Amino acid sequence: MTQGMDAVGLVLARPARMLGLEPFFMELIAGIEESIATEGRSLLLHVVPDHEAEIRAYRRWGEGKLVDAVVVVNLEVEDARLDVLLELGIPTVVVGGPTREMPVSNVWIDNAQAMRDAVGHLVGLGHVRLGRVSGPHSLAHTQARTEAFVTECTRLGAQGSVLEGDYGEESAVRATRTLLGRGSAPSAIIYDNDVMAVAGLRVAAELGIAVPDQLSLLAWDDSALCRLSHPQLSAMSLDVHGMGVQVADSVLNLLASGTVVSSTAPLPRLISRGSTAPAQRPPA
């Protein structure tokens with residue numbers, strides 16, 4: 001086992017102001033810390049503006065032997081971080097990733113199947129024009145969801161439109177206004193996280209569009225935000241805290257055995273609440 005500081009490192013490359021708004025990372029961190037603490041370890045969290053700063057942090061940690069392992073989030077399709085971590089020899093666990101087959105351990109999520117389930121549910125409610133407000137396109141899980149969204153819409157005979165957001169409120173407001181301002185506006189929109197879905201709900205209210213009578217909204221990840229909104233937001237619900245525990249177990253197993261292993265997180269399940277309903281039929 002690597003002899004470090006009994007610490008597991010996690011670098012988040014995102015604006016610090018965003019961190020407090022995103023329930024996902026708070027729940028993930030809580031799950032990781034809760035599990036590694038049982039073995040006397042702590043989580044070293046570092047927030048940086050971009051991946052270049054993240055790589056610099058890894059090099060400092062590796063040269064100073066400051067962490068025994070790192071957890072990597074938001075993997076990109078072309079991602080230099082893994083090469084650096086392999087070069088440094090720091091045991092690594094990736095949250096997500098485009099495939100189970102990776103040179104480092106990962107906790108894999110079948111984002112494509114979850115998106116197919118989401119689209120199928122909405123089309124089953126009679127929605128034939130669907131919108132999607134995604135996270136950044138460079139992320140591997142964003143591309144997996146988008147490809148599944150487009151393919152499944154086509155397969156089911158629905159029209160799908162995708163606009164890119166950044167997980168924040170402002171990008172979701174812009175994207176939602178754009179989608180709803182079109183001549184053939186969608187009657188249902190899927191958002192890549194809960195913060196953007198809540199922002200979409202606000203835009204619909206400002207435009208006088210009734211949810212769910214005129215517009216169905218579906219969030220991703222699920223959190224207290226979805227349950228506290230009005231109406232409550234339907235969501236593709238992922239046990240993020242539980243996944244954090246699973247990630248931590250992968251880290252501890254990697255440190256104990258040195259064996260690279262891929263595990264699969266439970267598939268997000270659709271929870272129907274007050275923001276989704278059958279599509280209105282056009283007047284005869």
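The model shown is predicted, which means the values in this text are computed figures rather than measured ones. Numbers here simply count residues along the sequence, with the first being 1.
Between V247 and S250 there is no side-chain heavy-atom pair separated by less than 4.5 Å. In this structure the side chain of I29 reaches within 4.5 angstrom of the side chain of L10, judged on heavy atoms. Between S161 and R182, some side-chain heavy-atom pair lies under the 4.5 Å cut-off. The shortest distance between side-chain heavy atoms of V119 and F149 falls below 4.5 Å.
Salt bridge E206/R177: present, at least one basic N to carboxylate O contact under 4.0 Å. In this structure, R14 does not pair ionically with D50, as no charged nitrogen and carboxylate oxygen lie closer than 4.0 Å.
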Give the intermediate values and the outcome of side chain to side chain contact (heavy atoms under 4.5 Å, CB included) for residues Y58 and V72.
CA-CA 11 Å; Y58 293 147; V72 175; 3.7 Å; yes

Are V133 and D192 close enough, and set up right, to give a side chain to side chain contact (heavy atoms under 4.5 Å, CB included), and what steps lead you there?
CA-CA 6 Å; V133 180; D192 249 11; over 6 Å; no

Step by step, work out the salt bridge (Lys or Arg N to Asp or Glu O under 4.0 Å) result for E169 and R202.
CA-CA 10 Å; E169 179 182 355; R202 193 193 85 199; 2.5 Å; yes

When you look at V8 and L43, which way does the side chain to side chain contact (heavy atoms under 4.5 Å, CB included) test go after all the steps?
CA-CA 5 Å; V8 176; L43 185 69; 4.2 Å; yes

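Atom OG1 of T38 and atom CD of E33 lie 11.5 Å apart (nearest 0.5 Å). Rounded to the nearest 0.5 Å, atoms CD (E147) and CD (E152) are 13.5 Å apart. For the atom pair CG (L180) and CD1 (I209), the distance works out to 4.5 Å, reported to the nearest 0.5 Å. The CG atom of L122 lies 7.5 Å from the CG atom of L270; values are rounded to the nearest 0.5 Å. A distance of 12.5 Å separates CD1 in I32 from OG in S42, rounded to the nearest 0.5 Å. Rounding to the nearest 0.5 angstrom, the gap separating the CG atom in L218 from the CG atom in L233 is 8.5 Å.
Side-chain N or O atoms of S171 include one that pairs as donor or acceptor with a backbone N or O of G168 at under 3.5 Å. Judged by distance alone, with hydrogens and angles left aside, the side-chain atoms of S263 form no donor-acceptor pair with the main-chain N or O of V261 at under 3.5 Å. A donor-acceptor pair under 3.5 Å links the side-chain atoms of E164 to the main chain of H137, judged by distance alone. D68 places a side-chain N or O within 3.5 Å of a backbone atom of D6 that can act as its donor or acceptor partner. Proximity of a side-chain donor or acceptor of T151 to a complementary backbone N or O of A148 within less than 3.5 Å is not detected. No donor-acceptor pair closer than 3.5 Å links the side chain of D79 to the backbone N or O of L75.
Of all the heavy atoms in V48 and A53, the pair that sits closest is CB-CB, 3.7 Å. L201 and H230 make their closest contact through CD2-O, 3.6 Å (heavy atoms, listed as atom of the first residue, atom of the second, distance). Of all the heavy atoms in R273 and C226, the pair that sits closest is NH1-CB, 3.8 Å. Contact record, V128 with S187: N-OG, 4.4 Å, taken as the closest heavy-atom pair. Minimum heavy-atom separation, T276 to S234: OG1-OG, 2.7 Å. Taking each heavy atom of Y191 and L217 in turn, the nearest pair found is CE1-CD2, 3.8 Å.
For the residue pair D110/T264, the side-chain donor-acceptor check at 3.5 Å is not satisfied. Side-chain contact, R145 with S134: no donor N or O sits under 3.5 Å from an acceptor N or O.
R174 is linked by a salt bridge (charged side-chain N to carboxylate O under 4.0 Å, His left out) to nothing, counting only residues two or more places apart in sequence or in another chain. The salt bridge (charged side-chain N to carboxylate O under 4.0 Å, His left out) search around E87 returns R59, not counting sequence neighbours. Judged as a side chain to side chain contact (heavy atoms under 4.5 Å, CB included), and not counting sequence neighbours, the contacts of L86 are P103, V104. Residues satisfying the side chain to side chain contact (heavy atoms under 4.5 Å, CB included) criterion with A114, sequence neighbours excluded, are W220, M236, L267, P268.
Aromatic ring orientation, H46 versus W61: tilted (interplanar angle from 30° to 60°).
Legend: side chain to side chain donor-acceptor pair (under 3.5 Å) pairs involving residues 207-217, not counting sequence neighbours, sorted by first then second residue: H127-S216.
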Let me have the donor-acceptor pairs involving side chains of residues 237-245, under 3.5 Å, with sequence neighbours excluded, atom names and distances please.
| unit_1 | atom_1 | unit_2 | atom_2 | d |
| --- | --- | --- | --- | --- |
| S237 | OG | D222 | OD2 | 3.1 |
| D239 | OD1 | G242 | N | 2.9 |
| H241 | NE2 | E34 | OE1 | 3.2 |

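The environment of R269 atom CZ is sparse: at most 12 non-hydrogen atoms of other residues, nucleotides or ligands sit within 6.0 angstrom.
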